[in-house]
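See below for the structure under consideration.
On a predicted model such as this, the values are computed, not experimentally measured, just so you know.
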Amino acid sequence: MDYYFVYSSGGGGGDWNGIDRVFKKHMPIHFKKNLLIKFGDIYFNHKGSKKLLKQKNWDTIDNARDWLINNTGDSYLNNTSDLIMDVGTTKIVNYVDFHNPNFTVDQIINEFDRLVDSEDILEKYAEVIFKSKIDNAITFDIPNPFKIRNQGGNAIRNIFNDPGCKSLLTDKCVKYANKTYKLLGNKSDQLLTILPAFLSDSEIKIYLKRLVYKPKKIAIGALIEMRKDQEFTDTLLRLDSALILKNYSKVHFLGCGGLKKARLIKNTLGNHSNFSVDNTTAYNRSFDGNTRGTAQSCYIDYLNNNQIRITPSTKGEILKIHSITNSNIKHFSDKEMKEIINSVLEHQSQNSSTTTYDNRAKLAIHNFDVFKDNAD
């Protein structure tokens, strides 16, 4: 089962360009080959902006691969075939909700739909897929942004918690998949058709019948909402029974959750070569620390997958664990990890700098690599 690095650039997700600065030298080849980028990161503004679209990017960028190479300075990415283009439509949901705080759920969905149509967003998406040599492009959905946190660390409200909106959300998924398929024409084999995990067996059958094509690749979405392990496992088994997942050329589990959830997929369904997974827990734990020292980043260890908060008192324990980890497994050497941990501690002691941000980005790479090792 392949594990994908979720690329982020710029602000908090990219740790203020730290990911871009360390990418070429420090990113493992595995992640240069298995990389997920988001259309919304390139073209959509954050929720508080007056306009949804980043107009300059919209007008001047039509090749996401070139955009990625320009950001990272890494021409190796010209050869990456396993590049997934995710949609990044959480930004649209948050934008609509922010500017229309009194909207009902149906109004949010319909305004999302109006923006997609009026701004020709699917047309742009198809153009970018063509010109970027994208082999795996996920079809559009309207995601629930409940897991996104604001700058104060508080969870944003669960917008789509009303079961009554499920039918309308599904209608839009079908609409967007069919339109993207038609826009791509003979390149439609690149589509990873989104299928929300909350659908029942009968709803899955209806969903597939409503598509004007037969999907060869599937992206399983909304798994993060299956909070309990048993619910998560039951959902996986139900999806496999309804879809026979081994028959698809690719099945990608979007934002599946933490290490335990990635392991549950492998242990429940099998470690199949057509399966792949991503999540952003590795980012979250790496960037948890703040400059005031009231929150600490985490080192995740290869041996037991433990998450250890980085403090002066845990530094020795972390470095000892890293030193006894097989050198064939760990991506960063003992010397490099010592520099990373020291720098993270500086960052958490009101001594942040470009160097500390770069080392937090390296910590994220390490933590992602632990996830990859767990998924293998």
Side-chain angles (χ1 to χ4, degrees), residues 1-8 12-15 18-19 22-23 25-36 82 84 147 223-224 229 232 252-268 271 275-289 295-311 314-345 347-348 356-376:
M1 185 167 70
D2 286 326
Y3 186 81
Y4 279 69
F5 187 91
V6 181
Y7 172 79
S8 185
D15 217 34
I19 293 294
V22 305
F23 191 101
K25 182 176 180 181
H26 295 286
M27 187 65 68
I29 292 297
H30 172 89
F31 288 137
K32 292 184 182 185
K33 292 179 178 178
N34 295 274
L35 193 64
L36 183 145
D82 291 326
I84 292 181
K147 63 182 181 296
L223 278 170
I224 192 68
D229 289 355
F232 188 85
H252 186 79
F253 299 90
L254 282 161
C256 72
L259 283 158
K260 184 187 291 186
K261 296 294 177 64
R263 193 180 300 116
L264 280 174
I265 291 172
K266 181 173 62 174
N267 293 342
T268 303
N271 194 4
F275 285 4
S276 58
V277 63
D278 75 77
N279 61 55
T280 56
T281 304
Y283 269 139
N284 299 337
R285 298 296 77 79
S286 305
F287 302 155
D288 275 346
Q296 294 81 35
S297 295
C298 271
Y299 168 95
I300 307 177
D301 80 83
Y302 289 98
L303 303 179
N304 300 300
N305 301 150
N306 289 330
Q307 299 181 20
I308 307 171
R309 294 291 174 184
I310 300 171
T311 68
T314 62
K315 172 184 169 180
E317 175 191 0
I318 291 169
L319 295 180
K320 182 177 179 180
I321 290 171
H322 198 77
S323 70
I324 63 175
T325 302
N326 191 317
S327 59
N328 292 327
I329 297 176
K330 58 191 175 188
H331 179 62
F332 290 105
S333 69
D334 295 349
K335 180 182 178 182
E336 289 172 318
M337 185 51 64
K338 185 176 181 179
E339 292 174 354
I340 291 169
I341 299 301
N342 284 338
S343 192
V344 169
L345 289 172
H347 189 90
Q348 295 171 180
T356 68
Y357 278 108
D358 287 358
N359 279 302
R360 279 164 42 112
K362 292 176 193 176
L363 179 66
I365 290 172
H366 160 83
N367 286 340
F368 266 100
D369 200 55
V370 174
F371 272 77
K372 178 193 75 69
D373 185 65
N374 179 71
D376 283 346

[X]-[Y] side chain donor-acceptor pair, cut-off 3.5 Å:
X: D369; Y: Y302; result: yes
X: S333; Y: E336; result: yes
X: Y3; Y: N279; result: yes

Which residues share a side-chain hydrogen bond (donor to acceptor under 3.5 Å, both in side chains) with D334, sequence neighbours left out:
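Testing D334 for side-chain hydrogen bond (donor to acceptor under 3.5 Å, both in side chains), a comparison that skips the adjacent residues, returns K330.
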Can you find a heavy atom in the side chain of [X] that is under 4.5 Å from one in the side chain of [Y]?
X: Q296; Y: D288; answer: no
X: R309; Y: T314; answer: no
X: L259; Y: T281; answer: no
X: M337; Y: H366; answer: yes
X: D2; Y: H30; answer: yes
X: H322; Y: I341; answer: no
X: H252; Y: I84; answer: yes
X: I365; Y: F332; answer: yes

Look at the side chain of [X] and the backbone N and O of [Y], then say whether any donor-acceptor pair between them is shorter than 3.5 Å.
X: N326; Y: N328; result: yes
X: D301; Y: L303; result: yes
X: N359; Y: S343; result: no
X: N271; Y: M1; result: yes
X: H26; Y: H331; result: no
X: R360; Y: H347; result: no

Please report the interatomic distance [atom1]([X]) to [atom2]([Y]), rounded to the nearest 0.5 Å.
X: I318; Y: N306; atom1: CD1; atom2: CG; result: 11.0 Å
X: F368; Y: Y4; atom1: CZ; atom2: OH; result: 13.5 Å
X: I310; Y: I340; atom1: CD1; atom2: CD1; result: 9.0 Å
X: S286; Y: Q307; atom1: OG; atom2: CD; result: 9.5 Å
X: T280; Y: R285; atom1: OG1; atom2: CZ; result: 9.0 Å
X: L264; Y: K261; atom1: CG; atom2: NZ; result: 7.5 Å

Closest approach of [X] to [Y] (non-hydrogen atoms, all atoms of both residues):
X: L363; Y: C298; result: CD2-O, 3.5 Å
X: V344; Y: S297; result: CG1-CB, 4.1 Å
X: G13; Y: S8; result: C-OG, 3.3 Å
X: I308; Y: I321; result: CD1-CD1, 3.6 Å
X: A364; Y: Y283; result: CB-CD2, 4.1 Å

Candidate pair R263 and N305, rule side chain to side chain contact (heavy atoms under 4.5 Å, CB included), full reasoning:
CA-CA 11 Å; R263 193 180 300 116; N305 301 150; 2.6 Å; yes
Evaluate the side chain to side chain contact (heavy atoms under 4.5 Å, CB included) criterion for residues F232 and T268: first the C-alpha distance (whole Å), next the side-chain angles of each, then the deciding distance (0.1 Å), finally the verdict.
CA-CA 10 Å; F232 188 85; T268 303; over 6 Å; no
Taking everything shown except K338 itself, do over 12 heavy atoms lie less than 6.0 Å from its NZ?
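Check fails, neighbour count at 12 or below.
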Classify the ring geometry of F31 against F5: parallel below 30°, tilted from 30° to 60°, perpendicular beyond 60°.
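The arrangement is tilted - the two ring planes meet at 30° to 60°.
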Please evaluate residues L254 and L223 with respect to the criterion side chain to side chain contact (heavy atoms under 4.5 Å, CB included), reporting the C-alpha separation (whole Å), side-chain torsions for both, the decisive distance (0.1 Å), and the verdict.
CA-CA 7 Å; L254 282 161; L223 278 170; over 6 Å; no
